**Student:** 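Below is a structure I'd like to ask you about.
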Amino acid sequence: MPEVLEVELARRGVADLLSGAVVRRVLRTDDLVVGPGVDDLITGAEIESLDRRGKQLVIVTDRGRVGVHFGMTGRWLVDDVSTIGELAYGSGNDHPRWDRWVLEVEPADGRGPVRLRLHDPRRLGRVVLEPDIGRLGPDALRLTRRQLAAVLARRMAPVKAVLLDQEAIAGLGNMLADEVLWWSGVDPRRAARSLNDDEVAALHSAIKRRLPVMLRRGGSHTGVLSPDARRADMPCPRDGAPLMRATIGGRTTVWCSAHQR
DNA sequence: GCCCTTGTTACGCC
DNA sequence: AGGCGTAACAAGGG
């Protein structure tokens with residue numbers, strides 16, 4: 001599902017195409033996904049840039065800002081081409097009936113109009129005017145050790161739940177949270193506040209090292225605890241100990257019974 | 001045909 | 001007041 005890596009790939013995937021482009025018209029819109037006023041603002045607008053904070057994408061236009069959130073199954077298609085690979089838990093095809101917002105866009109390079117499609121089978125994506133990014137925590141791709149330590153120190157909740165809290169850190173979802181906890185050797189059930197300096201440093205190191213690797217590989221499903229690994233009851237790839245499963249922070253959590261303490 | 005999946009929000013409780 | 005846990009939503013896939 002779209003976590004910070006997928007959103008960054010989506011941003012990069014259309015940034016050049018859309019920079020300086022003009023939106024000619026809205027070809028399709030879904031009132032559940034697309035908020036009031038969005039289509040009026042975007043029609044005729046010139047796109048200046050694409051910004052991102054955590055999982056929140058921001059289309060900056062000459063008439064205002066439009067926030068795009070991909071939810072669980074949303075992604076961009078340009079004409080018939082996906083900007084990222086298949087999503088874990090996605091539908092596996094691109095049927096037009098799952099297009100929730102389709103723009104006819106005129107790129108600045110004169111190639112002629114293209115269709116920008118927000119493709120979202122489960123309709124958990126959202127497009128809004130002037131997204132409130134002020135409440136989001138620091139971006140996961142630019143998180144400093146000091147920021148991480150400060151966030152964890154004031155929370156009694158399980159560290160897994162805090163990593164998922166977008167107001168604490170913006171961008172981590174269920175798979176990335178499990179992945180960085182696995183690499184750092186921290187038990188997801190631990191109270192965030194109980195981590196010592198070494199453990200915070202290990203967690204920060206995992207975030208800084210693994211996210212760029214997975215970004216290059218194509219997304220949050222490319223880690224050790226991939227969706228396949230999560231489903232099958234496989235042993236821990238590091239030490240062969242049994243992998244545990246439980247609901248933590250309201251989400252299915254997978255961790256190693258031996259090396260995560 | 002039931003149950004699983006996750007990002008976000010609403011809500012109850014303490 | 002605010003932190004925390006749980007449920008609800010959406011809907012295709014197994």
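Chain letters run A, B, ... following the sequence lines, proteins first, then strands; residues in each count from 1. Note that the structure is predicted; figures quoted are calculated from it, not measured.
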**Student:** I need the full list of ring pair (Phe, Tyr, Trp, His ring centres under 6.0 Å) pairs touching residues 24-64 of chain A, with sequence neighbours left out, sorted by first then second residue.
**Tutor:** none
**Student:** Considering only nitrogen or oxygen atoms on both sides, find all protein atoms under 3.5 Å from nucleotides 10-13 of chain B and state each distance.
**Tutor:**
none

**Student:** Under 4.0 Å: is that the gap between some side-chain N or O of Thr73(A) and OP1 or OP2 of dT6(B)?
**Tutor:** no
**Student:** Could you list the donor-acceptor pairs under 3.5 angstrom formed between side-chain atoms of residues 239-251 of chain A and any protein atom two or more places apart in sequence or on another chain?
**Tutor:**
residue	atom	partner	partner atom	Å
Asp239(A)	OD1	Ala241(A)	N	3.0
Asp239(A)	OD2	His259(A)	ND1	3.3
Arg245(A)	NH1	Arg230(A)	O	2.5

**Student:** Measure the distance from CG on Asp165(A) to C1' on dG5(C) and round it to the nearest whole Å.
**Tutor:** 13 Å
**Student:** Please list all pairs meeting ring pair (Phe, Tyr, Trp, His ring centres under 6.0 Å) that have one or both residues in residues 3-36 of chain A, counting only residues at least two apart or in different chains.
**Tutor:** none
**Student:** Which residue pairs satisfy the side-chain hydrogen bond (donor to acceptor under 3.5 Å, both in side chains) criterion with at least one member in residues 125-136 of chain A, sequence neighbours excluded?
**Tutor:** Arg135(A)-Glu167(A)
**Student:** In whole Å, what is the span from the CD atom of Glu167(A) to the C1' atom of dG3(C)?
**Tutor:** 11 Å
**Student:** Taking only heavy atoms on the protein side, list every residue of residues 152-160 of chain A lying under 4.0 Å from any atom of DNA chain C, sorted numerically.
**Tutor:** Arg155(A), Met156(A), Ala157(A), Pro158(A)
**Student:** Go through the structure and list residues passing salt bridge (charged side-chain N to carboxylate O under 4.0 Å, His left out) with Asp109(A), not counting sequence neighbours.
**Tutor:** Arg111(A)
**Student:** Between atom CG in Leu164(A) and atom P in dG7(B), what is the gap in whole Å?
**Tutor:** 7 Å
**Student:** Tell me every residue that passes ring-ring contact (aromatic ring centres under 6.0 Å, His included) with Trp255(A), counting only those two or more places apart in sequence or in another chain.
**Tutor:** none
**Student:** Scan the side chains in residues 28-39 of chain A for donor-acceptor partners under 3.5 Å anywhere in the protein, sequence neighbours excluded, and list what turns up.
**Tutor:**
residue	atom	partner	partner atom	Å
Arg28(A)	NE	Asp99(A)	O	3.3
Arg28(A)	NH1	Pro96(A)	O	3.0
Thr29(A)	OG1	Asp39(A)	OD2	3.0
Asp30(A)	OD1	Leu32(A)	N	2.8
Asp30(A)	OD1	Arg123(A)	NH2	3.2
Asp30(A)	OD2	Arg123(A)	NE	2.9
Asp30(A)	OD2	Arg123(A)	NH2	3.2
Asp39(A)	OD1	Trp101(A)	NE1	2.9

**Student:** Output every pair passing side-chain hydrogen bond (donor to acceptor under 3.5 Å, both in side chains) with a member in residues 145-159 of chain A, not counting sequence neighbours, ordered by first then second residue.
**Tutor:** Thr144(A)-Gln147(A), Arg155(A)-Asp165(A)
**Student:** Checking Arg210(A) now: which residues fulfil salt bridge (charged side-chain N to carboxylate O under 4.0 Å, His left out) with it, not counting sequence neighbours?
**Tutor:** none
**Student:** Ring of Trp182(A), cation from Arg238(A) - is the NZ or CZ under 6.0 Å from the centre and inside 45° of the axis?
**Tutor:** yes
**Student:** If the sugar-phosphate is the primed atoms plus P, OP1 and OP2 and the base is the rest, what is the B/S/- string for nucleotides 6-11 of chain C, using protein heavy atoms under 4.0 Å?
**Tutor:** --BBBB
**Student:** Rounded to the nearest angstrom, tell me the gap between atom CZ in Phe70(A) and atom P in dG7(B).
**Tutor:** 14 Å
